[in-house]
Every structure is written in structure tokens, then in C-alpha cells.
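This report refers to the structure that appears directly beneath it.
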Amino acid sequence: MQTNVEKIFSFIDQEATFIEEQESAPYLEGIVYALELWLEEKKKPDLVNPKKEEIRKAIQLGILKGMNRSTQVNHQMTPDAIGLLLSYFVKEMNKDKKELSFLDPALGTGNLLYTLMNVLPNSSHAFGVEIDELLIQLAAQVGELLEQDIQLFRQDAIRPLMIDPVDIVVSDLPVGYYPDEETSKDYFLHTEDEMPYAHHLFMEQAMKHVKPGGYLYFLVPASIFESKQAAQLHKFIKENGWIQAVIQLPGSIFKNKAQEKSLLILQKKGENLQAPREVLLAKVPSMTNREAMELFFQKIDIWQEQNNR
Ligand code: SAM
């Protein structure tokens with residue numbers, strides 16, 4: 001008997017392949033078509049008590065297949081291994097809060113954000129910003145199927161955002177230069193001698209949209225503090241928040257060294273709040289090594305307890 005994940009994937013794959021072959025349209029557009037049929041109840045997979053994570057995982061498999069065929073460089077999804085690791089941090093660091101609101105200013109397909117929202121019992125609502133029309137369409141459909149309370153904005157996230165401050169920002173940031181000088185000129189992290197980094201501007205924008213004391217979880221280039229613009233970034237962080245942790249992710253998750261990322265955790269300054277006692281600097285071991293992963297999580301728990309004393 002097929003599992004729910006298998007049934008959903010077969011349904012999506014069949015419809016997307018049909019669109020790809022009959023209409024010569026990209027497979028990813030075929031997924032939008034399949035999800036539309038499902039949402040409008042015109043055709044849908046025959047499921048038995050599907051769980052949110054089953055739906056997310058199965059659609060993710062379809063999107064991964066579509067992205068492997070896509071030629072667009074921004075068509076990238078945050079791998080599940082990273083999403084699950086990140087949820088551990090978010091859960092541990094926000095246990096005391098009854099409700100959590102989220103913002104992902106580089107939402108993509110929403111896979112990272114939905115992984116977190118599905119896992120965290122106290123997640124309430126979220127905002128997502130994405131510039132790519134196809135990706136935000138997928139994110140909207142998946143959000144609806146998962147019954148997540150999310151408001152989406154299709155726009156350049158560096159431009160002004162009409163979003164109330166949230167408890168948590170989480171984002172796998174787009175990496176590279178940001179070309180629109182008119183938009184970036186009012187940013188502290190704007191640079192005169194070369195184009196500013198998009199990932200730096202995203203951090204500044206996110207800091208504006210998080211509540212005092214709120215946490216920001218960013219996936220950033222592993223070499224972020226070695227660039228020419230790093231001194232300015234340090235200055236920005238020091239004035240507005242605190243670095244809580246810098247966690248190097250295992251190289252095996254990424255296609256090559258240049259694409260390697262780290263998890264940078266910041267906290268926005270707020271009244272009666274203090275800098276962390278200790279900044280966590282850690283390296284995630286190979287995720288297939290169970291014992292090493294258990295030790296890693298123990299280390300995080302100890303750090304978390306000491307910081308909360
Ligand atoms: N976490 C996402 C997921 O799981 O699907 C993947 C995020 S991907 C690494 C970065 C995203 O940022 C891409 O989808 C890209 O289209 C988007 N992006 C790039 N520049 C942007 C901008 N100026 N404003 C909004 N989104 C942007």
C-alpha cells in the first residue's frame with residue numbers, strides 16, 4: 001500500500017509531467033497546476049489522515065525534481081536537514097513564548113518557514129516576502145494546503161515593507177550584490193565604493209521588522225565575516241543587537257565550497273535585556289553521525305541553560 005507521501009508525490013508528478021509534455025511548460029509550472037486542481041477539489045490524491053509534514057515533504061520532493069530541471073539560479077530550496085536543525089534552535093530559544101509570529105523576507109517556496117511552523121507548537125502566524133512570481137505562487141498554495149496562517153508579499157524585500165514587527169525572523173538569504181542603488185542608499189549597510197551585499201541589506205531590513213528582544217536566524221555565506229564589507233556589518237550588529245551564535249554547517253550539505261553556509265543567530269536589543277553570557281561558536285558534525293549529533297545538541301542545551309540563568 002502506498003503511503004500518503006507516495007500518493008501525493010505520484011499525483012503531483014503525474015500532473016506536472018502531463019503539463020511539461022503537452023504544453024511544453026516547465027515542470028514547476030506543472031506543480032502549480034497540480035496544486036490548483038487539488039485546492040479547487042477538481043482532482044486530488046486519495047489520502048488517509050494526512051499530516052502537515054507528510055504534505056510538505058511530498059510537495060517538496062516534487063519541487064526538488066522541478067528545480068533540478070530549472071535553469072533559473074534563484075530556484076533553490078532550503079534543504080530539510082537545515083530546516084530541522086534550525087527548528088531545534090528556534091524551539092529551544094523560544095520555549096517560554098505562548099505564540100510566535102514569523103517573517104521570512106526571502107521566502108522562496110516557503111519550505112524553510114513551513115518546516116518550522118509545522119514543528120513548533122506555538123507558531124501563530126507568518127509573513128513571507130518573495131520577488132519571484134512562480135515561487136511565491138507555490139508558497140501560497142503550499143501554505144493553503146498546510147492551513148498555515150501566512151500573509152504573502154510579492155516584492156523586492158529591500159524596498160519598504162508593510163509588515164508589523166514579528167517575534168522571529170528566519171531566512172535563507174540570497175547571496176550576492178544588490179544592484180538598485182536608489183533603494184539601498186538609505187541603508188546603514190549601503191556602500192560607496194562597491195555595490196552593497198544583498199544578504200547584508202536583508203539583515204538590516206529584517207532587524208527593522210523584529211520586536212525588541214526577538215531573534216533572527218539567518219543562513220549566510222560561511223565566509224560572511226571575512227569580506228571587505230564585514231567591518232560595517234559588525235558595526236551594524238553591535239549597534240542594533242547581539243550575536244547569539246555562529247554555527248558552521250557541514251560542507252556535505254552543499255554542492256561546493258563557495259556555496260557553504262553558516263547559521264547566524266542574532267537578537268535585537270531591547271530594554272532590560274543583556275548581551276548573551278557566551279556566544280555559541282560551533283560546528284555541526286556530519287548529520288548521519290548520530291552520536292556526534294547527540295553531543296552537539298547537548299552542547300546547545302548547556303549553552304542555552306547558561307544563557308538563561
Ligand atoms: N528558504 C527558501 C525555500 O525553502 O524555498 C529558499 C530561499 S532562496 C535561498 C532565496 C530566495 O530569495 C529566492 O527565492 C529568491 O528569489 C529570493 N530573493 C532574491 N532577491 C530578493 C529580493 N530582493 N526580494 C525578495 N526576494 C528575493
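One-based numbering, in listed order, for ligands and for the atoms of each. Worth saying up front: this structure is predicted, and the values here are computed from it rather than measured.
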Could you tell me whether R69 sits above the aromatic face of Y27, with NZ or CZ closer than 6.0 angstrom to the six-membered ring centre and within 45 degrees of the axis?
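Yes, a cation-pi geometry.
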Between Y197 and K228, is there a cation-pi geometry (under 6.0 Å to ring centre, at most 45° from the normal)?
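No - K228 does not lie over the ring of Y197 by the 6.0 Å and 45° rule.
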Distances only, to 0.1 Å: what are the N or O pairs between ligand 1 and the protein that fall under 3.5 Å?
unit_1, atom_1, unit_2, atom_2, d
ligand 1, 1 (N), T78, OG1, 2.7
ligand 1, 4 (O), T78, N, 3.2
ligand 1, 4 (O), T78, OG1, 3.3
ligand 1, 4 (O), L112, N, 3.2
ligand 1, 5 (O), T109, N, 3.0
ligand 1, 5 (O), T109, OG1, 2.7
ligand 1, 14 (O), E130, OE1, 2.8
ligand 1, 14 (O), E130, OE2, 3.4
ligand 1, 16 (O), N74, ND2, 3.0
ligand 1, 16 (O), E130, OE2, 2.6
ligand 1, 23 (N), D156, OD1, 2.9
ligand 1, 24 (N), A157, N, 2.9
ligand 1, 26 (N), I131, N, 3.4

How many angstroms lie between atom OG of S123 and atom NZ of K91, to the nearest 0.5 angstrom?
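If I round to the nearest 0.5 Å, the distance is 11.0 Å.
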Assess, by modelled atom type and distance only, whether the side chains of [X] and [Y] contain a donor and an acceptor separated by less than 3.5 Å.
X    : Y    : result
Q244 : Q267 : yes
N118 : E53  : yes
Y88  : D301 : yes

